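Worksheet: one structure, shown below.
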Protein chains: 2
Amino acid sequence: MGTRERRQRELGNREQLILETARELIRSEGLLNLQMARIAEKCEYAVGTLYQHFASKEDLLLELTRQDVVEHAELIERLARWRAPPRERIFGIAVADMLFVRRSPDHFRMSQYAFCEVVWTAASAARRQSVLDAEAPIAAIAVGIVNDAVAAGSLDLRGMPAEQVCLGLWALVVGMHNLVHTEGVMHPFAVPDPYRLMCRHLQSLLNGQGWQPYFDVSDDAALDALIQRIFTEVFDEQCCEV
Amino acid sequence: MGTRERRQRELGNREQLILETARELIRSEGLLNLQMARIAEKCEYAVGTLYQHFASKEDLLLELTRQDVVEHAELIERLARWRAPPRERIFGIAVADMLFVRRSPDHFRMSQYAFCEVVWTAASAARRQSVLDAEAPIAAIAVGIVNDAVAAGSLDLRGMPAEQVCLGLWALVVGMHNLVHTEGVMHPFAVPDPYRLMCRHLQSLLNGQGWQPYFDVSDDAALDALIQRIFTEVFDEQCCEV
DNA sequence: TCTTTTTTTGAATTATGTTCAAGAACGGAG
DNA sequence: CTCCGTTCTTGAACATAATTCAAAAAAAGA
């Protein structure tokens with residue numbers, strides 16, 4: 001009898017409903033005002049029922065983050081499958097991030113909070129691990145591309161592990177996300193399009209790490225064309241406005 | 001009569017006492033367990049008195065952050081005064097950060113939290129502004145060094161504003177601080193000394209941005225020597241362990 | 001020394017996250 | 001179909017911790 005499975009499916013649906021409701025509330029009232037009682041009320045379940053799914057409010061928040069990370073990873077996976085020179089594929093990570101920010105504008109703001117000691121520690125250990133598990137493929141793909149580059153002779157690691165090369169790229173990207181999503185910090189800089197700037201700096205870093213072929217970062221048209229091309233070729237999207 | 005001034009001084013001292021007590025509690029019990037009542041108890045004032053100084057718990061947290069930023073800025077200011085080639089001075093920012101992390105190991109963990117929407121928004125507008133004001137000199141010094149480099153002919157901006165060049169460097173540094181202080185994220189990478197890695201990637205980025213003279217990042221001895229030299233020459237410190 | 005103003009105090013209030021006893025729904029046995 | 005045990009759901013009650021504010025104390029001024 002499929003009773004057990006049907007029940008399982010229903011529970012899954014309910015969990016998804018709770019999460020979507022939480023997302024809506026965050027969008028409309030801000031993370032600061034997210035309340036368990038409000039989520040319960042809005043999706044017409046008792047507060048206690050929420051705790052059937054999540055050990056705590058922080059646990060719920062981490063699950064939201066995890067789902068975003070999975071979506072993010074799906075974008076990155078397209079780069080793993082893309083047949084293109086390694087340098088274009090590794091650069092594609094920045095383009096994927098631009099697209100992801102457009103699709104999930106709240107993600108980095110929320111994840112900045114979720115990864116803070118205070119929130120992270122307050123979630124269950126199992127949930128934390130599941131977030132880390134969701135992130136692992138992203139790192140793996142980046143490392144894979146670096147290795148491909150080495151194999152293709154377009155990058156010389158000179159003894160540095162591929163993971164450490166990635167960490168530099170990752171730091172640049174994460175740092176820019178952080179700066180962008182931290183209120184008031186970017187303001188004095190008056191940058192029209194911070195993510196385009198991120199792309200440019202990423203190219204500079206790749207140049208500095210010795211990736212072949214060299215890319216002329218002062219050639220705005222070439223950079224825009226590359227971004228545009230990756231958008232359409234890998235993600236079937238127009239790049240237009242952020 | 002100096003009564004007014006004496007009173008002002010006493011209030012300042014009390015505020016400092018409260019902040020130091022909060023710092024100790026964070027160190028010993030973690031940010032998660034910081035409670036206003038505990039702070040009050042430990043420094044032998046009533047809870048209400050804390051609210052004479054800080055509009056909220058978050059306000060207090062931002063003031064702690066602000067004080068750290070001021071200390072950080074003092075380190076960076078030494079680079080502004082240091083007479084050395086621009087490339088060494090801009091690189092010094094990474095060394096200053098290494099030193100600052102050693103002196104205030106809790107800072108970046110705390111500031112990651114403080115700059116989150118949830119905490120940031122819950123503090124008073126005045127306090128937020130004071131934090132931004134404390135950060136301004138750091139950016140100004142970095143921009144100044146970039147301009148010096150251009151003036152000295154060791155960097156060609158090719159039309160990019162100096163602020164935007166800095167933002168790339170800043171993103172790399174901020175990103176690495178974040179990765180280091182986010183539990184579990186660095187673990188799979190097994191990096192022995194992430195801040196040394198940050199230094200290396202910063203040099204790669206400077207190379208990629210075209211800073212002269214070129215620095216060979218695969219020359220470990222040269223990198224260590226430079227870090228060591230900045231430690232002693234600019235900060236009167238040994239670099240040794242982090 | 002008395003009056004007024006300012007400051008301090010901490011018990012009471014408020015806001016929310018979390019629990020758990022009571023009852024409803026379900027599933028299987030007879 | 002009905003009974004009985006099990007599992008799930010409910011939301012009022014509880015627990016915690018931030019914040020307030022009326023009363024008391026201290027300071028300033030006359």
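Values in this document were obtained by computation on a predicted structure and should not be read as measured data. So you know, we letter chains A, B, ... as the sequences are listed, proteins then strands, and number each from 1.
A cation-pi arrangement, defined by a distance under 6.0 Å to the six-membered ring centre and an angle within 45 degrees of its axis, is present between A/Arg14 and A/Tyr45.
At a cut-off of 3.5 Å, with distance as the only test, no side-chain donor of A/His53 or A/Asp59 sits close to an acceptor on the other residue. B/Asp68 and B/Ser104 are not linked by any side-chain donor-acceptor pair at a separation below 3.5 angstrom, with hydrogens and angles left out of the test.
Among the nucleotides C/dG17, D/dT9, C/dT9, the one closest to the side chain of A/Arg14 is D/dT9. Here the nucleotide nearest the side chain of B/Val47, chosen from C/dG10, D/dT10, C/dT18, is C/dG10. Considering only side-chain atoms of A/Tyr51, the nucleotide from D/dT19, C/dT9, C/dT19 that sits closest is C/dT19. The side chain of A/Ala46 approaches D/dT10 more closely than any other nucleotide in the set D/dT19, D/dT10, C/dG17. Checking C/dT8, D/dT10, D/dA18 against the side-chain heavy atoms of A/Thr49 singles out D/dT10 as nearest.
Across the interface with DNA chain C, nearest-nucleotide mapping of A/Gly48 and A/Leu34 shows A/Leu34 to be the residue nearer the 5′ end.
Between B/Phe54 atom CZ and D/dT20 atom C1' the separation is 18 Å, expressed in whole Å. Atom pair B/Glu41:CD and D/dA17:P shows a separation of 13 Å (rounding to whole Å applied). Spacing between atom OH of A/Tyr45 and atom P of C/dA24 amounts to 18 Å, rounded to whole angstrom units.
Nucleic acid contact for B/Leu50: none, since no nucleic acid atom lies under 4.0 Å from a heavy atom of the residue. A/Leu11 comes within 4.0 angstrom of nothing in the nucleic acid, heavy atoms only.
In this pair, A/Phe108 and A/His177 present their aromatic rings parallel. The plane angle is below 30°, not in the 30 to 60° band.
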